[in-house]
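First comes the structure, then the notes that go with it.
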Amino acid sequence: MSDDKATAATPTNFIKDIIAEDNRTGKWGGRVHTRFPPEPNGYLHIGHAKSICLNFGLAKEFGGKCNLRFDDTNPAKEEQEYVDSIRESVRWLGFDWEDREFYASDYFDRLYAWAEDLIRMGKAYVDDQTADEIRENRGALTRPGVNSPWRDRSPEENLDLFRRMKAGEFPDGARVLRAKIDMAHPNVVLRDPTLYRIRHARHHRTGDAWRIYPMYDYTHCLSDSTEGITHSICTLEFENNRALYDWTLDTLGVYHPQQIEFARLNLTYTVLSKRRLIQLVEEGHVSGWDDPRMPTIMGLRRRGFTPASIRSFCEKIGVGKADNLVEYSLLEYCLREDLNERAPRYMAVLNPLRVVIENYPEDQVEEFAFPNHPEKEELGSRTVPFSRVLYVERDDFREDAPSKWRRLAPGKEVRLRYAYYVTCREVVKDAAGDVVELRCAYDPATKGGWSSDGRKVKGTLHWVSAAHAVDAEVRLYGQLFSAPDPMAAPEGGSFKDNISPDSLETVTAKAEPALAALAPETPVQFERLGYFITDRRDHRPGAPVFNRTAALRDTWAKMERLGKA
RNA sequence: UGGGGUGUCGCCAAGCUGGUAAGGCAACGGGUUUUGGUCCCGUCACUCGUGGGUUCGAAUCCUACCACCCCAGCCA
């Protein structure tokens, strides 16, 4: 059954078509070898998940391999903490790079040797211009650049200068190594791009071994080449860089993978800009990179998303080249689709209203055996205590009930799930006129929630025995951003104006006893309320903390909204 | 005014060796139901950015426009 689901219609996309065609023509000898190449300068987010699922997924589907490679060529922005979080995120998502964990910094020696080759070929030169001069002389989009005065230095002089750059003789910014291509090229990327810059900085892996560091364009293609990558999949903004990718490999005459670009993911109500995510963390708008409101893999994990749901989402959104903005509701659907199958059901009352069953014996307690899932017997069962005083959801009682109301109202009979039918006899109010308690009567003949005389009730309520209830902290996370496109700030406003100030509400709920014994990071469904997960950081036995992942569909709320109730 | 890309239902997205518009999400309507959940059934693009053209026939080919995205880091 689940096998059918997994092997059924896995959608196609243009990259699969390219690979299938390559396999048909034997372009790579039937090999498929991809790589996921993050820069360790932040935590991975749902956008990276798309790339991870693509690269690892393609490799798996075509019987190939996928490497994990850290693009660590800029010591100023990279840290070991990020390397660790990235490894954890990829593994948590369910992918395995086996023994193929690589670092661009592993190739620094080799990259350096190739740079000297380029110099000897007369294809690269050391430029003494300042960064400002280089920018100025690069021209503009519609105006060609002008050659650097240092462009025609001899290979010997370039070699000497480059070696001295490597030796640390010059300060940061004094010189760079540039490719000698064409300062008038219509593609600005090809106007003598920088290959190496001087950085007297400590690298998280190579320490103080280097004073010059290679640029992305130079490093990435050669790393791919070194690893024998067949299909180098990256996002759309690198389309212009493909020309340099190809130039570098062809000029050096080395193995040449094919770069393929796809559109990056955009999600409504969600910021996926690394710069903005860093801002959210540093300015304290969230508690950290794994705050449940963050779109990071670790944030989604803590929020209660499962690896399977994220993989399913990445499969469903497809892969294309058109800019897109995917609705958050699709992500939620993928989560519900997964959790509905395997999340055990429990009862918790978020906003309690006291109910006294007047005709139920004072000291009696019954232990009901509840199935943990209405359809999946393999999820087992648990016992739930029932007694004279209970809590039900305050929202489940209406004094003036609308015509289609199925829940509790004065004089109305409903079912307490798996327990008894009860009828509301009296509404107790305080001096202010607020309802503080309901006095009800139960029908002993309806034990288990079935009536023997065939009479039916329309509503079923979740409930908790007051004497046995445990207090649970429930965190109701919402969207961090109030606008569908958080970057589309209101007139005269900024990105920050879209941060929703009330995206987290914490309530103390009355929960059935079994909930106090759950292990951290256990997904559950609270009957009629939604999917929750025990917090992996703050949850302790006896003092449960739940994060809300997603609400259930609520057709009553919708009817009310539409005025059909 | 340069170069590189992209435009198919509210949101994604198949289709693009021409033959008369898949699927998913969302939405809406109905049935089942001890979660107003799930599940099941049904509705939802005479039209493919726009205008011409070729053709018996075009989302698919040609052409001219229009719109949007990316590129002028010693970031990736």
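In what follows, chains are A, B, ... by sequence order, proteins preceding strands, each numbered from 1.
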Extract from the structure each pairing of a protein N or O with an N or O of nucleotides 13-15 of chain B at less than 3.5 Å, listing the distance.
| residue | atom | partner | partner atom | Å |
| --- | --- | --- | --- | --- |
| B:A14 | OP1 | A:Val319 | O | 3.3 |

Interatomic distance, CG@A:Leu177 vs CG@A:Leu161, rounded to 0.5 Å, equals 10.0 Å
With side-chain hydrogen bond (donor to acceptor under 3.5 Å, both in side chains) as the criterion, how do A:Asn137 and A:Gln129 come out once you've worked through the C-alpha distance, each side chain's angles and the decisive distance to 0.1 Å? CA-CA 10 Å; A:Asn137 291 332; A:Gln129 291 181 108; 2.4 Å; yes
Could you tell me how far apart A:Leu552 (CG) and B:U33 (C1') are, to the nearest whole angstrom? 14 Å
Under the rule syn = chi within 90° of 0, otherwise anti, which is B:G73? syn
Ring centre gap for A:Phe481 and A:Tyr269 strictly below 6.0 Å: no
Grab the CZ-C1' distance between A:Phe313 and B:A26 for me, whole Å please. 14 Å
Run A:Glu81 and A:Tyr43 through side chain to side chain contact (heavy atoms under 4.5 Å, CB included) and show every step you take. CA-CA 9 Å; A:Glu81 179 198 347; A:Tyr43 280 60; 2.8 Å; yes
In the structure shown, which nucleotide is the Watson-Crick or G-U wobble counterpart of B:C48, with both distances under 3.5 Å? none
Verify whether the ring centers belonging to A:Phe526 and A:Phe546 lie closer than 6.0 Å. yes
Quick one: look up who B:C28 pairs with, Watson-Crick or G-U, both distances under 3.5 Å, and put none if it's unpaired. B:G42
Go ahead and name the base partner of B:A13; Watson-Crick or wobble counts if both distances stay under 3.5 Å, otherwise write none. none
Across the strands shown, which category fits A:Trp405 at heavy-atom distances under 4.0 angstrom: base, sugar-phosphate, nothing? base
Looking only at side-chain N and O atoms, does A:Arg336 come under 4.0 Å of OP1 or OP2 in B:A26? yes
Taking the six-membered ring for Trp, is the centroid-to-centroid distance between A:Phe162 and A:Tyr112 below 6.0 Å? yes
Say you pick atom P in B:G31 and the same atom in B:G19; how far apart are they, in whole Å? 42 Å
With a 4.0 Å cut-off on heavy atoms, is A:Arg417 in touch with a base, just the backbone sugar-phosphate, or nothing at all? base
Between B:C62 and B:G18, how far apart are the two C1' atoms, rounded to whole Å? 13 Å
Give the rounded distance in Å between these two atoms: CG of A:Leu562 and P of B:A26. 16 Å
Taking the six-membered ring of A:Tyr420 as reference, does the cationic atom of A:Lys447 (NZ for Lys, CZ for Arg) lie under 6.0 Å from its centre and within 45° of its axis? no
Roughly how far apart, to the nearest Å, are B:U38 and B:U32 at atom C1'? 11 Å
Ionic contact status for A:Glu337 with A:Lys316, cut-off 4.0 Å: yes
Rounded to whole angstrom, note down the C1' distance from B:A14 over to B:A21. 10 Å
A:His204-A:Tyr82 aromatic ring centre distance below 6.0 Å: no
Which whole number of Å gives the distance between the P atom of B:C46 and that of B:C68? 26 Å
Rounded to the nearest Å, what distance is computed from the OH atom of residue A:Tyr328 to the C1' atom of nucleotide B:C12? 17 Å
What's the gap between B:A67 and B:A45 when it is taken at their P atoms, as a whole Å value? 30 Å
Starting at the 5' end of RNA chain B and moving along, which residue's nearest nucleotide shows up first, A:Arg561 or A:Arg143? A:Arg143
Scanning all shown strands, the Watson-Crick or wobble mate of B:U35 with both distances under 3.5 Å is none
Nearest whole angstrom, please: distance from the P of B:C12 to the CZ of A:Phe262. 16 Å
Summary of protein contacts for nucleotides 70-76 of chain B, nucleotide by nucleotide, where a base hit scores B, a sugar-phosphate-only hit scores S (4.0 Å, heavy atoms): BBBSBBB
A:Tyr213/A:Tyr196 aromatic ring centres below 6.0 Å: no
Using purine N1 to pyrimidine N3 plus N6-O4 or O6-N4 for Watson-Crick, or N1-O2 and O6-N3 for G-U wobble, both under 3.5 Å, which nucleotide pairs with B:G2? B:C71
Atom P, compared across B:G29 and B:C61: separation rounded to whole Å: 41 Å
Can you tell me, in whole Å, how much space there is between the P of B:C9 and that of B:A59? 14 Å
Testing B:G5, B:A26, B:U35 for proximity to the side chain of A:Tyr333, the answer is B:A26
To the nearest Å, give me how far apart OH (A:Tyr269) and P (B:A26) are. 14 Å
Classify A:Gln525 by what it touches in the nucleic acid, base, sugar-phosphate, or nothing, heavy-atom distance under 4.0 Å. base
Students often get this wrong, so: under 4.0 angstrom with heavy atoms, is A:Lys376 touching a base, only sugar-phosphate, or nothing? nothing
In whole angstrom, give the distance that lies between atom CD of A:Glu327 and atom C1' of B:G24. 12 Å
Centroid separation A:Trp450 to A:Tyr421 less than 6.0 Å: no
Go through the steps to decide whether A:Thr130 and A:Asp132 satisfy the test side-chain hydrogen bond (donor to acceptor under 3.5 Å, both in side chains), and finish with yes or no. CA-CA 5 Å; A:Thr130 64; A:Asp132 284 345; 5.2 Å; no
Have a look at A:Leu177 and say if it touches a base, only the backbone sugar-phosphate, or nothing, with a 4.0 Å heavy-atom cut-off. nothing
With a non-hydrogen cut-off below 4.0 angstrom, is A:Lys458 in contact with a base, only sugar-phosphate, or nothing? nothing
Please classify the nucleic acid contact of A:Glu375 as base, sugar-phosphate, or nothing, using heavy-atom distances under 4.0 Å. base
Rounded to whole Å, the CG-C1' distance (A:Leu265 to B:C11) equals 12 Å
